[in-house]
*Asks:* 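Structure in structure tokens, see below.
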Amino acid sequence: MQQELDSRRLLESRFRYAISHNELVLHYQPQVDLSTGMLVSVEALVRWQSPDYGLLYPDEFISMAEEVGLICEIGQWVMLAACQQILSWQQAGMGWVRVAVNVSPLELGSDAIVDRVADALASYGIPPECLELEITETLSISDPEMALAIINQIKALGVVLAIDDFGVGYSNLGYLKRFPAERLKIDQSFVRGLSHSAHDKAIVATIIQLARSLSMQALAEGVETEQEAKILLELGAHLIQGYWVSRPVSSTDLEVMLRQACVLDPKQLQGAVNSP
Ligand code: C2E
Ligand code: MG
Ligand code: MG
Ligand code: MG
């Protein structure tokens, strides 16, 4: 137990250092319009390139950062890094790319996040609609009414909002109705079962219908196979994201995809869905 505590403290202190010493890096995963095959936006996913531990994924440090009160610093770093990247892609002639960043529910515990978003946009002169915030509904939002008020203030800045991991955890429909989000991200656990579970298919179909009724775009996460993509097209999903299109990649690798813009051949999918 003592050993575990010590190694955790070490991780924590290394992480504090990492934030201020450029050891964090963003990878980007394309989000593709199913009907056109066009890359319409990307999700930024943080990694920690640690000299001591190697490349670490968020599952290995985000919850620690939440527990020790470092999550707002990460949030700020991610937001600034994403805005800097948006500007540098624009300057490199790729137009204004929309980047979605993940926001920890804990960041919605104080309205300081509103200024962080506004500052990040202003620092790089980014049009607000190029920045999307992905928010997960969880019970760790201790004061949902206050969180909703903060979300509305962020929304008023003109940024785009998405609900992440929809369908698992705490998804309150009354809350959803009042949540000013443009996108509903269907959790990958349902996508995983699409090709073999009638239940998962029914749940995904229902979430897509729900999104449509609320004038939101349905984005399916974690699409790994062509078959899953075809079923999603059939069910009327707007967007997909997942290894089948691309894994999260470095900004340089993403640039290659941005230059080709169309990353999927929609005709291939359409033809396959419409044929008997
Ligand atoms: P998320 O926001 O739901 O992100 C999707 C996760 O699924 C990413 O894992 C992504 O790499 C992975 N993924 C994408 N496509 C596929 C697929 O086809 N199959 C499978 N099996 N996985 C796929 P990652 O990058 O390890 O991130 C895990 C979680 O960590 C994220 O889940 C998000 O909740 C959190 N996270 C990532 N970056 C940040 C950040 O900057 N700030 C905060 N607060 N949380 C972050
Ligand atoms: Mg996300
Ligand atoms: Mg999430
Ligand atoms: Mg997710």
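Counting convention: from 1, in listed order, for ligands and their atoms alike. Fair warning: this is a prediction, and the values are worked out from it, not measured in the lab.
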*Asks:* Kindly say whether G222 contributes a backbone atom to a donor-acceptor pair with the side chain of R192 at under 3.5 angstrom?
*Replies:* yes
*Asks:* I'd like to know if V223 contacts ligand 1, where contact means a heavy-atom distance under 4.0 Å to any ligand atom.
*Replies:*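 V223 counts as a contact of ligand 1 under the 4.0 Å cut-off.
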*Asks:* Using side-chain heavy atoms (C-beta onward) and a distance below 4.5 Å, is P248 in contact with Y28?
*Replies:*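 P248 does not reach Y28 side chain to side chain.
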*Asks:* Decide whether an N or O pair under 3.5 Å exists between W244 and ligand 1.
*Replies:* no
*Asks:* Could you list the atoms of ligand 1 found under 4.0 angstrom from a heavy atom of Q29?
*Replies:* 14 (C), 15 (N)
*Asks:* With carbon and hydrogen excluded and only N/O/S kept, which atom of E43 is nearest the Mg ion (ligand 2)?
*Replies:* OE2
*Asks:* Any N/O/S of E221 under 2.8 Å from the Mg ion (ligand 4)?
*Replies:* yes
*Asks:* Do the charged groups of K230 and E226 touch, with an N to O distance under 4.0 Å?
*Replies:*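 Salt bridge present between K230 and E226.
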*Asks:* Is the contact between E107 and ligand 1 made by the side chain, the backbone, both, or neither, using heavy atoms and a 4.0 Å cut-off?
*Replies:*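 It is neither; nothing of E107 touches ligand 1.
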*Asks:* So which of L239, V191, V32, I186 actually passes side chain to side chain contact (heavy atoms under 4.5 Å, CB included) with V223?
*Replies:* V191
*Asks:* Measuring from non-hydrogen atoms of V78 to any atom of ligand 1, is the shortest distance under 4.0 Å?
*Replies:*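 Checking ligand 1 against V78, which is what was asked, there is a heavy-atom contact under 4.0 Å.
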*Asks:* For ligand 1, indicate whether the residue I62 contacts it via side chain, backbone, both or neither (heavy-atom separation under 4.0 Å).
*Replies:*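 Contact part for I62 vs ligand 1: side chain (C-beta onward).
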*Asks:* At less than 2.8 Å, would any N/O/S atom of T136, backbone or side chain, sit next to the Mg ion (ligand 2)?
*Replies:*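 Of the N, O and S atoms in T136, none lies under 2.8 Å from the Mg ion (ligand 2), which means no.
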*Asks:* Using a heavy-atom cut-off of under 4.0 Å, does the side chain or the backbone of E221 touch ligand 1, or both, or neither?
*Replies:* side chain
*Asks:* Exactly one of Q90, Q91, Q85 should register a side chain to side chain donor-acceptor pair (under 3.5 Å) with S88. Which one does?
*Replies:* Q85
*Asks:* Without hydrogens or angle criteria, can the side chains of R116 and Q76 be said to hold a donor-acceptor pair below 3.5 Å?
*Replies:* no
*Asks:* Could a heavy atom of Q241 be found less than 4.0 Å from some atom of ligand 1?
*Replies:* no
*Asks:* Check the side chains of W48 and E23 for a donor-acceptor pair under 3.5 angstrom, ignoring hydrogens and angles.
*Replies:* yes
*Asks:* Mind checking whether the Mg ion (ligand 4) has an N, O or S of D165 under 2.8 Å?
*Replies:* yes
*Asks:* Check this for me: does any side-chain nitrogen of one of K185 and E43 sit under 4.0 Å from a carboxylate oxygen of the other?
*Replies:* yes
*Asks:* Taking 4.0 angstrom as the limit, do R8 and E4 come out as a salt bridge?
*Replies:*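 The answer is no: the pair does not qualify as a salt bridge.
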*Asks:* Report the residue from W77, F61, Y53 that forms a ring-ring contact (aromatic ring centres under 6.0 Å, His included) with F15.
*Replies:*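 Option passing the ring-ring contact (aromatic ring centres under 6.0 Å, His included) with F15: F61.
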*Asks:* Could you list which atoms of ligand 1 come closer than 4.0 Å to a heavy atom of V46?
*Replies:* 38 (N), 39 (C), 40 (C), 41 (O)
*Asks:* Is there a side-chain contact between M146 and S110 in this structure, where contact means two heavy atoms from C-beta onward sitting under 4.5 Å apart?
*Replies:* no
*Asks:* For ligand 1, is there an atom lying under 4.0 Å from some heavy atom of H27?
*Replies:*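 No, H27 has no heavy atom closer than 4.0 Å to ligand 1.
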*Asks:* Under a 3.5 Å cutoff, is there a donor and acceptor pairing between the side chains of R183 and Q31?
*Replies:* yes
*Asks:* Which atom, counting only N, O or S, brings D164 closest to the Mg ion (ligand 4)?
*Replies:* OD1
*Asks:* Measuring from the Mg ion (ligand 2), name the closest N, O or S atom belonging to E134.
*Replies:* OE1
*Asks:* So is there a nitrogen or oxygen of D59 less than 3.5 Å from a nitrogen or oxygen in ligand 1?
*Replies:* no
*Asks:* Pick one of side chain, backbone, both or neither for how D164 approaches ligand 1, counting any non-hydrogen atom pair under 4.0 Å.
*Replies:*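 The side chain, only.
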*Asks:* Answer side chain, backbone, both or neither: which part of E43 comes under 4.0 Å from ligand 1, heavy atoms only.
*Replies:* side chain
*Asks:* State whether the side chain of E60 and the backbone N or O of Y57 hold a donor-acceptor pair below 3.5 Å, judged by distance alone.
*Replies:*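 Yes: the side chain of E60 pairs with the backbone of Y57.
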*Asks:* Number the atoms of ligand 1 from 1 as they appear, then name those within less than 4.0 Å of a heavy atom of S104, with their elements.
*Replies:*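 That gives atoms 44 (N) of ligand 1.
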*Asks:* Where on Q188 is there a heavy atom closer than 4.0 Å to ligand 1, on the side chain, on the backbone, on both, or on neither?
*Replies:* side chain
